Amino acid sequence: MKFLKKSKEEIIDYDEIRQQQLELISVELKQARIDKNLDKNVISNQLHTPVSIINALESADLQHLPEPFFTKQLIKKYANFLKLDGEDISNKFTLELNPKIYYKKSFTPSFSFKFNFNVKPQYLYFFYFILLLFSIKNLSNILESSQFSQIKIPQKQVMETQILPKKNHPITNPEVIPIVEKKEEKPPQPTELIVKVTVKEDSWVKIIVDGKPVFEGILTKGLEKQWNGKQKVIIRAGNAGGLVVTVNDEKPKELGKSGQVTNATFELPMRS
């Protein structure tokens with residue numbers, strides 16, 4: 001019997017550390033906004049950032065904020081708008097990620113069992129004889145059924161005969177014209193997903209192509225970006241009204257309303 005043992009290591013919870021840091025930062029940001037008598041809706045329009053994000057920053061609500069990297073950029077942007085030192089304040093927010101947690105394995109005894117199954121030779125001969133009879137019977141049934149199997153007769157090709165009569169001349173060889181059915185041509189299906197983004201207003205976005213993050217940051221007004229995928233492209237935007245999306249040369253569409261946080265998924269249609 002063997003037991004598996006593993007030493008327990010001390011794990012630092014960086015999410016808890018970030019929560020404590022954001023609580024101190026949020027007090028400083030909220031007090032600066034109140035001192036300057038600024039309205040949240042006005043700030044939202046000028047920063048192109050949803051009011052919900054501003055509320056989350058001032059209330060230290062990590063659940064409604066994006067990933068730590070982009071949260072740090074939002075803190076810096078908001079602090080600079082309030083005439084604070086955005087670089088210094090944002091550096092108080094750590095970007096360290098939690099390590100992977102390995103669960104301690106429980107004590108599990110290992111047992112080995114051996115089974116001894118001895119059969120006498122005369123019983124083996126008996127089983128072999130029964131198996132042989134069963135195989136011969138099935139083989140005879142298959143041969144009998146194959147003799148009466150239906151023979152498929154190919155359909156005769158439909159021909160259309162067109163007779164062209166001539167005056168005072170006997171018709172000897174009529175002209176034979178086969179009927180050919182025209183198949184409807186279907187437009188070719190795209191083999192690649194092409195997503196083009198035109199930026200009308202500043203917005204932070206995160207792009208995931210075929211399950212892999214390929215971009216995360218702020219897109220400024222006037223930029224045009226394109227991402228190609230084989231199956232799926234996901235766009236997460238903080239200002240959906242500032243983005244115009246074109247998928248595989250289709251009609252361009254706005255991703256949503258101005259200031260709206262949204263997740264949009266574009267998938268390549270399944271081939272029939």
Side-chain angles (χ1 to χ4, degrees), residues 11-99 101 197-208 212-223 225 227 234-245 254-265:
I11 300 175
I12 300 175
D13 188 356
Y14 287 103
D15 290 337
E16 183 178 354
I17 294 175
R18 272 189 289 272
Q19 180 64 45
Q20 296 173 359
Q21 293 171 343
L22 185 60
E23 289 175 358
L24 297 176
I25 295 173
S26 63
V27 173
E28 188 174 357
L29 295 176
K30 184 176 182 179
Q31 188 61 44
R33 180 184 61 81
I34 295 175
D35 293 343
K36 291 178 174 55
N37 195 22
L38 296 175
D39 184 75
K40 293 181 181 179
N41 293 322
V42 176
I43 298 174
S44 174
N45 292 332
Q46 293 188 12
L47 293 182
H48 303 288
T49 304
V51 178
S52 60
I53 297 294
I54 297 176
N55 289 331
L57 288 174
E58 292 189 357
S59 61
D61 187 2
L62 279 177
Q63 299 296 328
H64 292 84
L65 288 172
E67 288 74 9
F69 173 80
F70 193 73
T71 300
K72 184 175 182 178
Q73 300 298 322
L74 289 173
I75 293 173
K76 181 179 179 181
K77 185 177 181 180
Y78 190 23
N80 288 333
F81 179 82
L82 297 175
K83 306 301 181 183
L84 300 175
D85 189 348
E87 188 71 26
D88 181 63
I89 293 176
S90 62
N91 285 336
K92 298 176 183 178
F93 188 79
T94 183
L95 297 180
E96 295 291 337
L97 299 177
N98 287 335
I101 300 176
V197 177
T198 303
V199 185
K200 299 194 307 180
E201 300 176 357
D202 293 353
S203 175
W204 63 266
V205 297
K206 181 177 181 180
I207 307 296
I208 301 175
K212 296 181 180 180
V214 296
F215 178 81
E216 182 177 354
I218 298 176
L219 296 179
T220 56
K221 181 179 179 181
L223 285 179
K225 293 285 186 178
W227 289 275
I234 300 176
I235 300 178
R236 182 181 182 186
N239 181 20
L243 302 180
V244 178
V245 180
E254 288 187 358
L255 199 61
K257 297 180 180 180
S258 181
Q260 179 184 3
V261 179
T262 185
N263 284 306
T265 301

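Every value quoted in this text rests on a predicted model; they were computed, and no experiment measured them.
At most 12 non-hydrogen atoms from other residues, nucleotides or ligands lie less than 6.0 angstrom from NZ of Lys257. Within 6.0 Å of atom CZ in Phe215, more than 12 heavy atoms from other residues, nucleotides or ligands are found, so the atom counts as buried in its surroundings. Atom NZ of Lys77 has more than 12 neighbouring heavy atoms from other residues, nucleotides or ligands inside a 6.0 Å radius. More than 12 heavy atoms of other residues, nucleotides or ligands shown are found within 6.0 angstrom of NZ on Lys36.
In this structure, the side chain of Thr262 does not engage the main chain of Gln260 through any donor-acceptor pair within 3.5 Å. Checked by atom type and distance alone, the side chain of Gln19 pairs as donor or acceptor with a backbone atom of Ala60 at under 3.5 Å. Ser203 places a side-chain N or O within donor-acceptor distance of the main-chain N or O of Asn239, the cut-off being under 3.5 Å. Here the side chain of Lys40 pairs no donor or acceptor atom with the backbone of Ile54 at under 3.5 angstrom. Under a 3.5 Å cut-off, the side chain of Gln21 and the backbone N or O of Thr94 do form a donor-acceptor pair. Proximity of a side-chain donor or acceptor of Arg18 to a complementary backbone N or O of Glu96 within less than 3.5 Å is detected.
Annotation: the span from Leu82 atom CG to Leu38 atom CG amounts to 6.5 Å, rounded to 0.5 Å. Going from atom CD1 of Ile53 over to atom CD1 of Ile43 covers 14.0 Å, rounded to the nearest 0.5 Å. Summarising the geometry, atom CD1 belonging to Ile234 is positioned 10.0 Å from atom CD1 belonging to Ile207; distances are rounded to the nearest 0.5 Å. Atom CZ of Phe93 sits about 5.0 Å away from atom CD1 of Ile75, to the nearest 0.5 Å. Considering CD1 of Ile89 and CG of Leu24, their distance stands at 11.5 Å, rounded to 0.5 Å. If you take CG on Asp61 and CG on Leu22, they are separated by 8.5 Å, rounding to the nearest 0.5 Å.
No side-chain heavy atom of Pro66 sits less than 4.5 Å from a side-chain heavy atom of Lys206. A heavy-atom distance below 4.5 Å is not found between the side chains of Gln73 and Trp204.
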>> Determine whether Val199 and Thr220 satisfy the following criterion, side chain to side chain contact (heavy atoms under 4.5 Å, CB included), listing intermediate values before the conclusion.
In response: CA-CA 7 Å; Val199 185; Thr220 56; 5.9 Å; no

> side chain to side chain contact (heavy atoms under 4.5 Å, CB included) between Phe70 and Leu65: does it pass, once the steps are laid out?
Replying inline: CA-CA 9 Å; Phe70 193 73; Leu65 288 172; over 6 Å; no

> What's the verdict on side chain to side chain contact (heavy atoms under 4.5 Å, CB included) for Leu255 and Val197, showing C-alpha distance, side-chain angles and the deciding distance?
Replying inline: CA-CA 10 Å; Leu255 199 61; Val197 177; over 6 Å; no

> Stepwise, does the side chain to side chain contact (heavy atoms under 4.5 Å, CB included) test hold for Leu74 with Leu57?
Replying inline: CA-CA 8 Å; Leu74 289 173; Leu57 288 174; 4.3 Å; yes

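Taking both residues in full, the closest heavy atoms of Asn80 and Gly86 are given as OD1-N, 3.0 Å, listed atom of the first, atom of the second, then distance. Of all the heavy atoms in Val261 and Pro50, the pair that sits closest is CG2-CG, 3.3 Å. Of all heavy-atom pairs between Ser26 and Glu58, the closest is CB-O, 3.4 Å.
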